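What follows is a short report on a single structure.
Remember, it's a predicted structure, so these values are computed and weren't measured experimentally. Heavy atoms only: backbone and side chains are in, while hydrogens, waters and symmetry mates are out. In what follows, chains are A, B, ... by sequence order, proteins preceding strands, each numbered from 1.
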There are 2 protein chains.
Amino acid sequence: MNAPTATAHLLPEIALRPVPQALLDALATRFGAQCSTAQAVREQHGRDEGSLQAPPPSAVVFAQSTRDVQDAVRLASEHSVPVIAYGAGSSLEGHLLAVQGGISIDVSRMNQVLSIDADDLTVTVQPGITRKQLNEAVKDTGLFFPIDPGADASIGGMAATRASGTNAVRYGTMRENVLALEVVLASGEAIRTGTRAKKSAAGYDLTRLMVGSEGTLGILTEVTVRLYPLPEAVSAAICSFPSIEAAVRTTIQTIQLGVPIARCELIDANSVRMVNAHSKLGLREEPLLLMEFHGSPASVREQAETVQEIASEFGGNAFEWASTPEERTRLWAARHNAYFAAVQSRPGCMAISTDTCVPISRLADCLLDSVHEADASGIPYFLVGHVGDGNFHFGYLIDPASPAERSQAEQLNHQLVARALQLGGTCTGEHGVGIHKMGFLLDEAGAGAVGVMRAIKQALDPKNILNPGKIFSL
Amino acid sequence: MNAPTATAHLLPEIALRPVPQALLDALATRFGAQCSTAQAVREQHGRDEGSLQAPPPSAVVFAQSTRDVQDAVRLASEHSVPVIAYGAGSSLEGHLLAVQGGISIDVSRMNQVLSIDADDLTVTVQPGITRKQLNEAVKDTGLFFPIDPGADASIGGMAATRASGTNAVRYGTMRENVLALEVVLASGEAIRTGTRAKKSAAGYDLTRLMVGSEGTLGILTEVTVRLYPLPEAVSAAICSFPSIEAAVRTTIQTIQLGVPIARCELIDANSVRMVNAHSKLGLREEPLLLMEFHGSPASVREQAETVQEIASEFGGNAFEWASTPEERTRLWAARHNAYFAAVQSRPGCMAISTDTCVPISRLADCLLDSVHEADASGIPYFLVGHVGDGNFHFGYLIDPASPAERSQAEQLNHQLVARALQLGGTCTGEHGVGIHKMGFLLDEAGAGAVGVMRAIKQALDPKNILNPGKIFSL
């Protein structure tokens, strides 16, 4: 690159590692039409939905089996070339960027359900299946997989980034819901971690170590996750509030009272305006909580009544109900479309997304001060959040051609993260570290803990070929 | 030892490492009266509640602060001498045995509550506090810490072995309930893992890596755990069954129907006889389920009615209720005393305990065949289990002076573990690996996965001083 762009300054200064022609030839021989070096294919695999950019990988292998992944990793290892696993491409923090060069291993064709064990509430799948495909596959069992990060992400990618989303307040994250894995290591060897037993004390928890390791310790080739009975009754509600504070205080009290709410999402007035414009909805342009209750009919009614009482104490009004699946889908579409609606509200803009998560008692402190800072900055933004978990996202809508705007957005993000850490929280509730948050991770965990992570990485991947340059510099 | 005993053959053949006088002198200088080399103190710290034995450690340091732990580890590291953290001494698999020699670091004086954050349902404690002390400390908040392994174990020890117990079917294990840690590494450096945020995607999950690492990767010096609101209503019930199978099938159906039962414990007829004799109770000497229901009064009633219906389908009778705290305590005392009642039933005997856990749908297959094998062996035994989790314990009551009996008990254990693994389960639901299950871990996880564990250990503890010779040979 001749002139450093606003983007480039965020990428660590690491030279691309060579990808020898001998490797490309060996991949072509082994994989034939399953390997592509076409420019468009490489470019598609060299980016994610975040704001960072890097040169694309040199080749893309479309794996169809664990054996394919093993062989691709072994060939890459012989040449000390980086390999980056690719599922649905929906990560946000630069996870998929070939910042040190290398090849992409696309597992999206490994999308089979291997075993539905309805009696044990578990299912074992290949990593490329998406969450919607998975739910389609299990729907006849009366069970469902609740983790919903918004995007139709792959289960492998969700495990690799420890994803969560709207249902986590009740059902937990990928941390709680992955029981067992098959993983291809840097050597090409495949191991199994965990079993289908509900609990185990059998040695180091390699399952939880792999979940959230962002492809830097191994490539997931099978994933066993928990399923849950479809709730007997589901009810959704939307409630608008005179202020963000009122919505947040309603949330805090709901959680502290132990209401087992299934979803509790904040949408600020900016987002509502953008969603109304994008989806032709007529929602009140005030801060909203979108809520969902799961359980027996009696329990759902009880939960909803409790929350309605709390909301009205804080001035919440227009508590509207959506009990039919169609009405619920319409409401949740508004939430899920917020990102796209926001990006469309400023043509040509790019969203810089934050992801802090704090203990629920500190949510108001953390969020409200950051709203004031964002308002004062003049940068257009939207705010949505899984507030029941203490997790929320600002999306700063910047002009990608303006280094000043990016710098200002990153400054807001820094202030927000510093505040969250000071309040006992984390820089990332669910998006992961990738490239974008490497500095924040150091602030949060400290050099000692990041040193432990780096030592583990070096022990398991001595050639540093598994998605190098992510989580920490190496 | 001149003649190999039945015990000795289970211990790996590793020579004791030297503990130089210079280290003992340095410890005496640094710790004064906080360091003891008295025989009785050393012997007390060189054993646990399991069946294995080894020579005691050379000295015991009574740490009173993180700084004390750091200094003791640093001094030991200078001399490459093993250090073994000691909490309440209630582990079962030889975790605390100084199989390579070394010193014990007793953290039982580090038993303070550091911060109760009732609004966030978290508490941060020093590792030496026991679970009963912790519950006493938080009782005024209306919250409680549910994990109950039976013994009044230390929270640090429970985290280190990934303990669980009777409440895990509803509240999870230490895996789900530890949020953050302070850990002293092999270098003496202290790091923090995790935050008080409910979820995080910030790099490798070092918290979950440390939980269950049995003191081999670090010594826990602070532990942040989740608390739960005391349930509005609690009800306990006891139900006897014509056969173990009937009790187990009732359990399976209860779990598969999604009843959020808080405790679901099996006690076989042998255990009931032993408990009756030990505690002067008049329980029907048939297989029993002991159950507990938590929730709103309506929910507790609904849960209990559902389970009562299921139980009666399987011939369960005498569904007796205990709604007052006193009645509940009496019932649960029977369960908690089963181990001691059993050991007293055969004077001079020793219990060899199993700990398999299988997916709930395989519980009957796994358990019933093992009951037949145990009956056929002629060895006295008792059987208790957290069957709601698919986890159960045989206790084979052997004469410790009889190598033949030990060998027969270990053979039964081997057959049980092989069956559990074949059914998708684990060799240890909650006791951990220690020394006793190192072979089983290899069978379960495979050499590749154990190799990953060993590589992590070697990277983080290059001198192999942290509780060496546990989980895997090294």
Interface residue of largest heavy-atom contact number with chain A, from [options], under 4.5 Å:
{"options": "B:Gly425, B:Ala455, B:Ala459", "answer": "B:Gly425"}
{"options": "B:Gly203, B:Gly451, B:Ala168", "answer": "B:Gly203"}
{"options": "B:Asp117, B:Thr216, B:Leu121, B:Thr122", "answer": "B:Thr216"}
{"options": "B:Leu423, B:Leu217, B:Val450", "answer": "B:Leu217"}
{"options": "B:Arg192, B:Met174, B:Gln458, B:Glu444", "answer": "B:Glu444"}

Under 4.5 Å from a heavy atom of chain A, the part of [X] involved:
{"X": "B:Asn391", "value": "side chain"}
{"X": "B:Leu421", "value": "neither"}
{"X": "B:Phe472", "value": "side chain"}
{"X": "B:Glu430", "value": "both"}
{"X": "B:Val169", "value": "both"}

Between [options], the one whose heavy-atom pairs under 4.5 Å with chain B are most numerous:
{"options": "A:Leu441, A:Leu206, A:Leu209, A:Val433", "result": "A:Leu206"}
{"options": "A:Ser361, A:Gly448, A:Ala298, A:Ser296", "result": "A:Ser361"}
{"options": "A:Ser200, A:Cys427, A:Pro229, A:Cys357", "result": "A:Ser200"}
{"options": "A:Glu176, A:Arg362, A:Arg196", "result": "A:Arg196"}

Could you tell me if [Y] and [X] have a donor-acceptor pair between their side chains, going purely by distance under 3.5 Å?
{"X": "A:Thr124", "Y": "A:Ser115", "value": "no"}
{"X": "A:Thr193", "Y": "A:Thr207", "value": "yes"}
{"X": "B:Glu302", "Y": "B:Ser299", "value": "no"}

To the nearest 0.5 Å, what is the distance between [atom1] on [X] and [atom2] on [Y]?
{"X": "B:Ile471", "Y": "B:Met438", "atom1": "CD1", "atom2": "CE", "answer": "10.0 Å"}
{"X": "B:Asp120", "Y": "A:Gln256", "atom1": "CG", "atom2": "CD", "answer": "7.0 Å"}
{"X": "B:Asp355", "Y": "B:His436", "atom1": "CG", "atom2": "NE2", "answer": "11.0 Å"}

Heavy-atom distance under 4.5 Å to chain B: side chain of [X], backbone, both or neither?
{"X": "A:Val358", "value": "backbone"}
{"X": "A:Ile360", "value": "both"}
{"X": "A:Leu185", "value": "side chain"}

Using 30° and 60° as the class limits, which term best fits the ring planes of A:His431 and A:His393: parallel, tilted or perpendicular? parallel
Within residues 160-167 of chain A, which residues come under 4.5 Å of chain B, heavy atom to heavy atom?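 Answer by number: A:Thr161, A:Arg162, A:Ser164, A:Gly165.
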Sequence-distant partners of A:Asp389, salt bridge (Lys or Arg N to Asp or Glu O under 4.0 Å), two or more places apart: B:Lys198, B:Lys199
Can you name the side-chain contact (heavy atoms from CB on, under 4.5 Å) partners of A:Leu227, sequence neighbours left out?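 Result, side-chain contact (heavy atoms from CB on, under 4.5 Å) vs A:Leu227: A:Val123, A:Val138, A:Leu143, A:Phe145.
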For A:Gln422, check side-chain contact (heavy atoms from CB on, under 4.5 Å) against everything at least two apart and list the hits.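 Partners of A:Gln422 under the side-chain contact (heavy atoms from CB on, under 4.5 Å) test: none.
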Before accepting this row, confirm whether a basic side-chain N of the pair A:Glu214/A:Lys470 lies closer than 4.0 Å to the acidic partner's carboxylate O.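 No, A:Glu214 and A:Lys470 are not salt-bridged.
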